[in-house]
Student: 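Pasting in a structure now, in structure tokens, and then I'll have a few things to ask.
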Amino acid sequence: MAADHARHPPSHTPGRPISEQPTPVATAHVTAPYGPLADALTIAAFGTVCAPNPAQSAVLIEADDTGLTLRTHDYETAVSITVPTATVTRAGASLLPLAQLTKSLKAMVAGETKATAARTTITLAGDLLTTDHLTVPVTGLPVGEFVPAHKPATVAAHLDAQDLHRQLQRVLPAAGTDDTLPVLMGVQMTLTGRTLTLSTTDRYRFTVADLPATPHPDHPQTIAADPAPLTALVPASVLNRLSKHLKTQTGTVGIAFGTFGLTLTVDTTTITIRELDGNLPRYGSMFPTKVDTSLTMHRATAERALKKCRALITASGERGSPVTLRWDDHGTLTLAPRIGEPEDRARIKGMTIASTTLAGTTPTAREVHASPSFLKDALEAFAGDDTVTLHLRNQKEGSTNVPPFLFTAGPHPTATDYRHLLMPVRVS
């Protein structure tokens, strides 16, 4: 009898009624190479950054006749990614702590070369990980505790992944970081016809970038004769994390605007981001269509001059001091740090920046002051361009306020591609 009992254990825990038996917490059985699986888990981690509890810090592993899908959802970001190289050996679902799973997998291929580790076969049977060398369990959580995300909206248009990455890198530095003004902490993403516009502001600068979009032929709004704009205000912090993933993508990105957020689809990955409440201020009236002076300046020289000025400000101990763009009677442009007492500043000679006046004359305000870090961001936004065009408006008669100055790549202030508006620093 004892031997028979060992061969055929009871189907329920002794002392507990069958109706109260715990339900399985891990039933997915799959095999996959370590490399693609680890990459997928890295992307899935985008959906656990703000997780409020263990279940939402975990990854839901779904195995069925369509393949292996990993899902995460921290209420701010939802990620769904399929692993094409995986083989499903038994349909089911498992909810496993993502951090523990990732670390355990990495440990199981420790000591192998990178190439060997990438092709090592990983077998997941419920909550049990196996390789040719080791078998270890991972903590399984009840699948029912995971709160899934809402179904994403239909793709409205496709974008070039590298275009989107480049324009995000330009606008993200100007997004606000003051959590008392949460609406300024987002990137406004607006699809109008065949153009997606990104905009950010922190009150001291305003950036606008456009990139071409290909409307999806089956989306009712984008194929209309006069399509209404689709827009979403997306947390800049989330897009900043996702831009690292976009950096390595070479294909297209699908974009969708839904009730529950904005969705980006890249290859086998779908990422839905919860929107912020509200919208950024309308910027149309902020950006000048006509200016009094437009001049180009050599970007690399301006960056080198700015680096020297920032170092001098640090050396002087006057952190927070602005830098000064100055024009002399001949229109020569220089950049200098604004440090020291007035008599000291009168003796400072700035570094000359090669410039050419395209329109207008020498500005009536012979100098403008800017935040060094903000000016650095503005110049870096035009990386790859030899020159950057600075557009200036004259002060109104009787006014002491210097209007904002505008940077573009081309000669016109209404350039589409990218515009960077910067508020000058007011000094006594």
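Keep in mind it's a predicted model, so treat the numbers as computed, not measured.
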Student: Would you kindly say whether H73 and Y75 are connected by a side-chain donor-acceptor distance under 3.5 Å?
Tutor: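 Distance-only check fails for H73 and Y75.
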
Student: Please name the pair of heavy atoms, one in V266 and one in Q249, separated by the smallest distance, quoted to 0.1 Å.
Tutor: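 In this case the closest contact between V266 and Q249 is CG1-OE1, 3.4 Å.
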
Student: Show the nearest heavy-atom pair for residues S371 and V425, with the distance to one decimal.
Tutor: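 Closest pair (atom of S371, atom of V425, distance): N-CG2, 3.5 Å.
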
Student: So, applying side-chain contact (heavy atoms from CB on, under 4.5 Å) with I271, which one of L242, T72, I81 is it?
Tutor: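 Single side-chain contact (heavy atoms from CB on, under 4.5 Å) partner of I271 among L242, T72, I81: L242.
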
Student: Any chance you could measure H298, atom NE2, to T387, atom OG1, to the nearest 0.5 Å?
Tutor: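 Here the interatomic distance stands at 8.0 Å.
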
Student: Fit a plane to each ring of F382 and F407, take the angle between them on a 0 to 90° scale, and name the class: parallel (under 30°), tilted (30 to 60°) or perpendicular (over 60°).
Tutor: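 The rings of F382 and F407 sit tilted, inter-plane angle from 30° to 60°.
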
Student: Ring pair (Phe, Tyr, Trp, His ring centres under 6.0 Å): which pairs involve residues 126-179, sequence neighbours left out?
Tutor: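 Checked against ring pair (Phe, Tyr, Trp, His ring centres under 6.0 Å) - neighbours excluded - the pairs reaching residues 126-179 are H150-F260, H158-H216.
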
Student: Does Y204, at its OH atom, have more than 12 non-hydrogen atoms belonging to other residues, nucleotides or ligands within less than 6.0 Å?
Tutor: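 Count not over threshold, so no.
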
Student: I'd like to know if the side chain of S94 and the backbone of A28 have a donor-acceptor N/O pair within less than 3.5 Å.
Tutor: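 It does hold such a pair.
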
Student: Enter the distance from Q56:CD to L141:CG here, rounded to the nearest 0.5 Å.
Tutor: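 If we round to the nearest 0.5 Å, Q56:CD and L141:CG are 10.5 Å apart.
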
Student: Is there a side-chain contact between I273 and P235 (heavy atoms, below 4.5 Å)?
Tutor: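 Result yes, sub-4.5 Å side-chain heavy-atom pair found.
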
Student: Do L172 and L239 have side-chain heavy atoms sitting under 4.5 Å apart?
Tutor: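 L172 vs L239: side chains touch.
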
Student: Of the options L60, L70, V59, which is the one that meets L98 in a side-chain contact (heavy atoms from CB on, under 4.5 Å)?
Tutor: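 Going through L60, L70, V59 one by one, the side-chain contact (heavy atoms from CB on, under 4.5 Å) with L98 is satisfied by V59 alone.
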
Student: Applying salt bridge (charged side-chain N to carboxylate O under 4.0 Å, His left out) to R241 and E76, what does each step give before you reach the verdict?
Tutor: CA-CA 13 Å; R241 292 193 292 268; E76 182 178 66; 3.6 Å; yes

Student: Considering only heavy atoms from C-beta outward, does the side chain of L379 approach that of L306 to under 4.5 Å?
Tutor: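 The answer is yes; the side chains approach within 4.5 Å.
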
Student: Check the surroundings of atom NE2 in H245: do more than 12 heavy atoms from other residues, nucleotides or ligands lie under 6.0 Å from it?
Tutor: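 Yes, enclosed.
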
Student: Between T48 (side chain) and A51 (backbone), is there a donor-acceptor pair under 3.5 Å?
Tutor: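 No; zero donor-acceptor contacts below 3.5 Å.
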
Student: What heavy-atom pair brings I348 and P337 nearest, and what distance separates the two atoms?
Tutor: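 Taking I348 first and P337 second, the nearest heavy atoms are CD1-O, 3.8 Å.
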
Student: Between G140 and L96, what is the shortest heavy-atom contact and its length?
Tutor: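 Here G140 and L96 meet closest at CA-CD2, 3.9 Å.
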
Student: Does the side chain of T289 reach to within under 4.5 Å of the side chain of T414, using non-hydrogen atoms?
Tutor: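 T289 reaches T414 side chain to side chain.
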
Student: Could you please spell out the steps behind the side-chain contact (heavy atoms from CB on, under 4.5 Å) verdict for L196 and D163?
Tutor: CA-CA 11 Å; L196 179 70; D163 279 349; over 6 Å; no

Student: Test L41 against D39 for side-chain contact (heavy atoms from CB on, under 4.5 Å), laying out the working first.
Tutor: CA-CA 5 Å; L41 289 170; D39 291 342; over 6 Å; no

Student: How about L101 and L129: do any of their side-chain heavy atoms sit closer than 4.5 Å?
Tutor: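 Sidechains of L129 and L101: in contact.
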
Student: If you draw the axis of the six-membered ring of F374, does the NZ or CZ of R205 fall within 45° of it and under 6.0 Å from the ring centre?
Tutor: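 Yes - R205 lies over the ring of F374, closer than 6.0 Å to its centre and within 45° of its axis.
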
Student: I'd like to know if E303 and R299 make a salt bridge, using a cut-off of under 4.0 Å between side-chain N and carboxylate O.
Tutor: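 Result for this pair is yes, salt bridge flagged.
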
Student: CG of D277: more than 12 outside heavy atoms within 6.0 angstrom?
Tutor: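 Atom CG in D277 is not crowded, with 12 or fewer foreign heavy atoms closer than 6.0 Å.
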
Student: What are the two closest non-hydrogen atoms of R419 and T408, and how far apart are they?
Tutor: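 Heavy-atom minimum between the residues: CG-CG2, 3.9 Å.
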
Student: Mind checking whether R326 and L333 have side chains closer than 4.5 Å, heavy atoms only?
Tutor: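 In short, these two side chains do not touch, never coming nearer than 4.5 Å.
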
Student: Can you tell if the side chain of T201 reaches within under 4.5 Å of the side chain of Y283, non-hydrogen atoms only?
Tutor: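 No; the side chains remain at least 4.5 Å from each other.
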
Student: Is a side-chain donor or acceptor of T248 paired with a backbone partner of K244 at a separation under 3.5 angstrom?
Tutor: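 No, T248 side chain to K244 backbone: no donor-acceptor pair under 3.5 Å.
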
Student: Might you point out which heavy atoms bring V323 and C309 nearest each other, and give the distance in Å?
Tutor: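 Smallest interatomic distance, heavy atoms only, reads CG1-CB, 3.8 Å.
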
Student: Does the pair Q395 and V402 meet the rule for a side-chain contact (heavy atoms from CB on, under 4.5 Å), with working shown?
Tutor: CA-CA 6 Å; Q395 294 175 235; V402 178; 3.7 Å; yes

Student: For the atom pair CG (L95) and OG (S57), what is the distance rounded to the nearest 0.5 Å?
Tutor: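 OG of S57 is found 10.0 Å from CG of L95.
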
Student: Answer yes or no: are there more than 12 heavy-atom neighbours, outside R194 itself, under 6.0 Å from its atom CZ?
Tutor: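 For R194, atom CZ is not crowded (no more than 12 foreign heavy atoms under 6.0 Å).
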
Student: Donor-acceptor pair, distance only, cut-off 3.5 Å: does the side chain of T42 make one with the backbone of A38?
Tutor: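 Yes, because the side chain of T42 sits within donor-acceptor range (under 3.5 Å) of the backbone of A38.
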
Student: Under a 3.5 Å distance rule, please check whether D267 uses its side chain to pair with a backbone N or O of T269 as donor and acceptor.
Tutor: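 Looks like no, no N/O pair under 3.5 Å.
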
Student: To the closest 0.5 Å, what do you measure between NZ (K114) and CZ (R119)?
Tutor: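 The distance works out to 13.5 Å.
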
Student: Would the distance check show the side chain of D385 and the main-chain N or O of A409 forming a donor-acceptor pair, the cut-off being under 3.5 Å?
Tutor: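 Not confirmed, D385 side chain does not pair with A409 backbone.
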
Student: Within the 3.5 Å criterion, strictly below it, is a donor on T293 or H391 matched to an acceptor on the partner's side chain?
Tutor: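 No, because no side-chain N or O of T293 sits under 3.5 Å from a partner of the opposite role on H391.
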
Student: List the steps and the verdict of side-chain contact (heavy atoms from CB on, under 4.5 Å) for M423 and F206.
Tutor: CA-CA 9 Å; M423 291 293 295; F206 210 123; over 6 Å; no

Student: Considering residues at least two apart in sequence or located in another chain, which fulfil the salt bridge (charged side-chain N to carboxylate O under 4.0 Å, His left out) criterion with R310?
Tutor: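 Listed in chain order: nothing, the list is empty.
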
Student: From L211 CG over to D417 CG, what is the distance, rounded to the nearest 0.5 angstrom?
Tutor: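 L211 atom CG to D417 atom CG measures 9.0 Å (nearest 0.5 Å).
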
Student: Hydrogens and angles aside, do R170 and Q167 bring a side-chain donor and acceptor to less than 3.5 Å of each other?
Tutor: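 Distance-only check passes for R170 and Q167.
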
Student: Any chance the side chains of T130 and T123 put a donor and an acceptor closer than 3.5 Å?
Tutor: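 No, no side-chain donor-acceptor contact under 3.5 Å.
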
Student: Salt bridge or not for E341 and R345, using N-O below 4.0 Å?
Tutor: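 No, this pair does not count.
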
Student: Which residue, L295, V291, T296, forms the side-chain contact (heavy atoms from CB on, under 4.5 Å) with T389?
Tutor: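 One option only clears the test, and that one is T296.
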
Student: Between CG of L325 and CG of L390, what distance do you get to the nearest 0.5 Å?
Tutor: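 The CG atom of L325 sits 6.5 Å away from the CG atom of L390.
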
Student: Please identify which of these residues, T200, T197, T231, meets the side-chain hydrogen bond (donor to acceptor under 3.5 Å, both in side chains) condition with Q188.
Tutor: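 The side-chain hydrogen bond (donor to acceptor under 3.5 Å, both in side chains) with Q188 is passed solely by T231 among T200, T197, T231.
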
Student: Spell out, as yes or no, whether a donor-acceptor pair under 3.5 Å connects the side chain of T192 to the backbone of T195.
Tutor: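 No: the side chain of T192 does not pair with the backbone of T195.
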
Student: Quick one: does any side-chain atom of H412 pair with a main-chain N or O of A415 as donor and acceptor, under 3.5 Å?
Tutor: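 The answer is no, because no donor-acceptor pair under 3.5 Å joins these two groups.
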
Student: Testing the 3.5 Å rule here: is there a donor-acceptor pair between the side chains of T66 and D64?
Tutor: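 On atom types as modelled, these side chains qualify, holding a pair under 3.5 Å.
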
Student: Hydrogens and angles aside, do T324 and R338 bring a side-chain donor and acceptor to less than 3.5 Å of each other?
Tutor: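 Side chains of T324 and R338: no pair found under 3.5 Å.
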
Student: Please check if the side chain of Q162 supplies one atom and the backbone of L246 the other of a donor-acceptor pair under 3.5 Å.
Tutor: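 Side chain of Q162 to backbone of L246: a pair is present.
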
Student: Is the closest side-chain heavy-atom distance between L191 and P215 below 4.5 Å?
Tutor: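 A side-chain contact under 4.5 Å is absent here.
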
Student: What residue pairs, at least two apart or across chains, pass ring pair (Phe, Tyr, Trp, His ring centres under 6.0 Å) with a residue in residues 174-197?
Tutor: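 Ring pair (Phe, Tyr, Trp, His ring centres under 6.0 Å) check on residues 174-197 returns no pairs.
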
Student: Taking R393's backbone N and O only, do any of them form a donor-acceptor pair with D292's side chain (distance below 3.5 Å, no angle check)?
Tutor: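 No: the side chain of D292 does not pair with the backbone of R393.
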
